[in-house]
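Before any comments, here is the structure.
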Protein chains: 4
Amino acid sequence: MAPRTRASKTGQALSGRPLRADAQRNRARILAAAEATLADKGPSASTEEIAHRAEVAVGTIFRHFPTKEALVEAVFVAGLRQLAEQARRLCTAPEPGAAFITFLTEAITRSTAKHAFARQMGGDNTAVMSRGPVAEAAQDLRRAMTALLDRAQRAKEIRGDIDITAVVALLVGASRAAEHTDGDERLRETVLAVVVDGLRPRDADRWAREDPSPQDQ
Amino acid sequence: MAPRTRASKTGQALSGRPLRADAQRNRARILAAAEATLADKGPSASTEEIAHRAEVAVGTIFRHFPTKEALVEAVFVAGLRQLAEQARRLCTAPEPGAAFITFLTEAITRSTAKHAFARQMGGDNTAVMSRGPVAEAAQDLRRAMTALLDRAQRAKEIRGDIDITAVVALLVGASRAAEHTDGDERLRETVLAVVVDGLRPRDADRWAREDPSPQDQ
Amino acid sequence: MAPRTRASKTGQALSGRPLRADAQRNRARILAAAEATLADKGPSASTEEIAHRAEVAVGTIFRHFPTKEALVEAVFVAGLRQLAEQARRLCTAPEPGAAFITFLTEAITRSTAKHAFARQMGGDNTAVMSRGPVAEAAQDLRRAMTALLDRAQRAKEIRGDIDITAVVALLVGASRAAEHTDGDERLRETVLAVVVDGLRPRDADRWAREDPSPQDQ
Amino acid sequence: MAPRTRASKTGQALSGRPLRADAQRNRARILAAAEATLADKGPSASTEEIAHRAEVAVGTIFRHFPTKEALVEAVFVAGLRQLAEQARRLCTAPEPGAAFITFLTEAITRSTAKHAFARQMGGDNTAVMSRGPVAEAAQDLRRAMTALLDRAQRAKEIRGDIDITAVVALLVGASRAAEHTDGDERLRETVLAVVVDGLRPRDADRWAREDPSPQDQ
DNA sequence: GATGAATGAGTTTTCATTCAT
DNA sequence: AATGAATGAAAACTCATTCAT
């Protein structure tokens, strides 16, 4: 079995040489198509269908990604990277609480793909999460989110008793909930509001923050 | 057209005649095995594996459920029914708020199977949700939950601005979040606490409640 | 492996003891149902469907006939016996030619079952034809038909250059043709007329028979 | 709905683009193997066996024909087309009667496949006959045969009282009869002779033809 | 590099046959 | 004897992956 010269398990080119321009474009098309297809057909979407949507042949997909799993991973990693990017951007925003909420909102709103991934990974997602580039991207995102969360908690805008792990779980869940609203904008907002409110500090803290004078009369 | 005396599309016996005792037992074993298997292998778990787990031959599964989809549906419906049952039971509990919270907690804790279903149904779950016994069971559950919610809202234990649809979405999401905690008890509690707090009425209302003087004038 | 006490390979009871009255009735129902079902669903008709049509359970069929093939054979043999019966009856009819034609007509008209059998036996029907009760019944029918044919040929009503083998082939083919007419009475008659005319002696013979004086003016 | 780029329900390429050379060759091999296999194992011949005979993998068959039924249909249609071709060729032959007879002979001689089809289609072949490409091919063949028949009837070589429908039924039946002769050349000829004679005009007509002076006054 | 046909292991589904009730 | 549930081998069909063009 000759050493594979095409693509590594993670969909990165093995050679240092950059991809030809058209190959680059194809890679992007494939990722986009995969994201879209997985989002609306679920993890059982066939490679053939993804190829169809990307307007390339199946073979092309397998040139870029050695296995279907690698493709799905790549989609997931791309999503995680975007989120990490966003988190870092918001880390320098003036209002820590608002920044955190904004992050959640955006993450929830366009998180379909991650979800598809989670679904794809089915029962043994832990396996995937702990290895390779997914783990790295997840680590990175976690770090960025931790920073955001810390700032918000220090500003007393978010309850102090939750940690990053809980936030991640909530994010995943909220995304799922949002997905379940199936397009109803108002409904999504309500769901988000509940989660956000739940993350706010208890009353005592808020009095302290929002208005120095007690409003209990 | 149907010489098929086996099982209807929905896995209900076609004739009014009840199943033989052994058949009844097998049906239950199959449902249990399916729930477990789907829960930990995801929707792509093979029928063969389910059969193995149920210690029956594949053919037996197909005698009870004409299609893999029908089996998955049946698992889902069973879950919905259990929940509805639980909701109805709690409807007569003394403390409306506590009852509602209890319901959420339990629902979230053992909702893996529903989830597997949602995953299985993939992109076009709406199609399945609107047909047949799934739709009926869902309707029924919704009714029971609505009653629970109403009581809790009338008692001012739950914010008045959320409706049953939002609760369902939240339930789905919270289940997903809980699933993501992957066994960490404390984490699950935290997540639940956030959602529950988010559902509580805003401060003004709560003072009113905690303070014996009626706030409704 | 205990000696089978149920039914021999050919569907005859093994013990000398006659069947119980109800068993007898069931056997007949099954044969009738099998004939009908095979006729209109083809050889792929399932045992279950035959059972359904006979209003018995599958198990009952297998009590009477050890295999599906045995059942189909039995249907076939029954058909052959009826035909042989008929042939023998017509052997004593006053007009040899008319008798032969009548036989053909009747055989063709209700030969669906044989056909189903032929279809069932698919490519290797020769195997079945040469063994056991089928072969016997076929032999017997052939004998009876030979007698009919001989009489008709001696009476110069049927061309002398065809033998029983050809007649059998023609009978099979004509049955198939009749089947193809799918209910069109007139069409069936036309087809039959062609075959019958084709079996008539050539002109010279006929002159001799129909009118002693030559009719060529 | 169809990401399927493989084969349409009828086994025709979906896109206008012609098949690659190797695909074309495989398609032909598959059809040939199917014809042969169906002919000698009957309609219950498994796809796997056909694949084996064609020396391709099962998947290849399903790439070309989405369904086993589609494959069988394709075999049938191919047979019908060949016959139509032949009929058209003979339509310009000098001797109308001989041309018609020649057609029958050839059709009967190599009609095994059609037969297999008829068998496959079992009881509800009418359904298949009335839809799509089968119906078209059948129509076309019928047209070509009608022309042949007309010419022969006008030349008084074939009785005037039979129509194309009867000819088709006879053809089907004669094919079946020929199949029943199972290789006996002489027997097949005898059978054919009977049918052909049966199709000849009655004596009076033939005199008319052979003798220029009309006999109808 | 891209294409799309071929592969073949895996999955769902059917059905003759057996067996407990 | 009859019933109908259970069995499991075999069939149809799918799809990730490979490979010739």
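Reminder, nothing fancy here: chain letters follow the sequence lines and each chain counts from 1. Values reported hereafter were calculated over all heavy atoms of this structure, with side chains retained and with hydrogens, waters and symmetry mates removed.
Looking at B/R27 and B/F65, their side chains come closer than 4.5 Å, going by heavy atoms from C-beta outward. Residues B/L71 and B/F62 are not in side-chain contact: their nearest non-hydrogen atoms beyond the backbone lie 4.5 Å or more apart.
In this model, the phosphate group of F/dA1 is not approached by any side-chain N or O of C/H64 to a distance below 4.0 Å at OP1 or OP2. Taking only side-chain nitrogens and oxygens, A/R63 never comes nearer than 4.0 Å to OP1 or OP2 of E/dG1. Side-chain N/O atoms of D/N26 include none lying less than 4.0 angstrom from OP1 or OP2 on E/dA5. Taking 4.0 angstrom as the limit, D/T60 places none of its side-chain polar atoms (N or O) nearer than this to OP1 or OP2 of E/dA5.
The distance from atom CZ of C/F65 to atom C1' of F/dA2 is 15 Å, rounded to the nearest whole Å. As a whole-Å value, the separation of A/I61 CD1 from E/dG4 C1' is 12 Å. The interatomic distance linking C/R29 (CZ) with F/dA2 (P) rounds to 11 Å, in whole Å. Distance B/I30 CD1 to F/dT7 P: 9 Å, rounded to the nearest Å. At whole-Å resolution of the value, CG in C/D22 and C1' in F/dA1 are 7 Å apart. Straight-line distance from the CZ atom of D/R27 to the P atom of E/dA6: 11 Å, rounded to whole Å. Spacing between atom CD of A/E69 and atom C1' of F/dT17 amounts to 14 Å, rounded to whole angstrom units. Between the C1' atom of F/dA16 and the CD atom of A/E73 lies a distance of 16 Å, rounded to the nearest Å.
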Write down the protein N/O and nucleotide N/O pairs, taken from nucleotides 10-12 of chain F, whose separation is under 3.5 Å; answer none if there are no such pairs.
residue : atom : partner : partner atom : Å
F/dA12  : OP1  : D/K68   : NZ           : 3.1
F/dA12  : OP2  : D/T47   : N            : 3.0
F/dA12  : OP2  : D/T47   : OG1          : 3.2

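When all heavy atoms of A/A33 and A/I50 are compared, the pair lying nearest together is CB-O, 3.7 Å. For A/H64 against A/A23, the heavy-atom pair with the smallest separation is CE1-O, 3.2 Å. For C/A45 against C/L38, the heavy-atom pair with the smallest separation is CB-CD2, 4.3 Å.
Take the nearest nucleotide of DNA chain F for B/V56 and for D/R25: the residue whose nucleotide is more 5' is B/V56.
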Could you walk me through whether B/R29 and B/D22 pass salt bridge (charged side-chain N to carboxylate O under 4.0 Å, His left out), step by step?
CA-CA 11 Å; B/R29 285 162 79 96; B/D22 54 345; over 6 Å; no

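When C/E35, C/E48, C/E49 are each tested for a salt bridge (Lys or Arg N to Asp or Glu O under 4.0 Å) with C/K41, only one passes: C/E49.
A distance-only check finds a donor-acceptor pair linking the side chain of C/T67 to the backbone of C/A70 [under 3.5 Å]. No donor-acceptor distance shorter than 3.5 angstrom exists from the side chain of A/T60 to the backbone of A/V56, with no hydrogens or angles considered.
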Secondary-structure notation, DNA chain F, from Watson-Crick and G-U pairs under 3.5 angstrom (| other strand):
.||||||||||||||||||||

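Among the nucleotides F/dT7, F/dG4, F/dT3, the one closest to the side chain of B/A57 is F/dT7.
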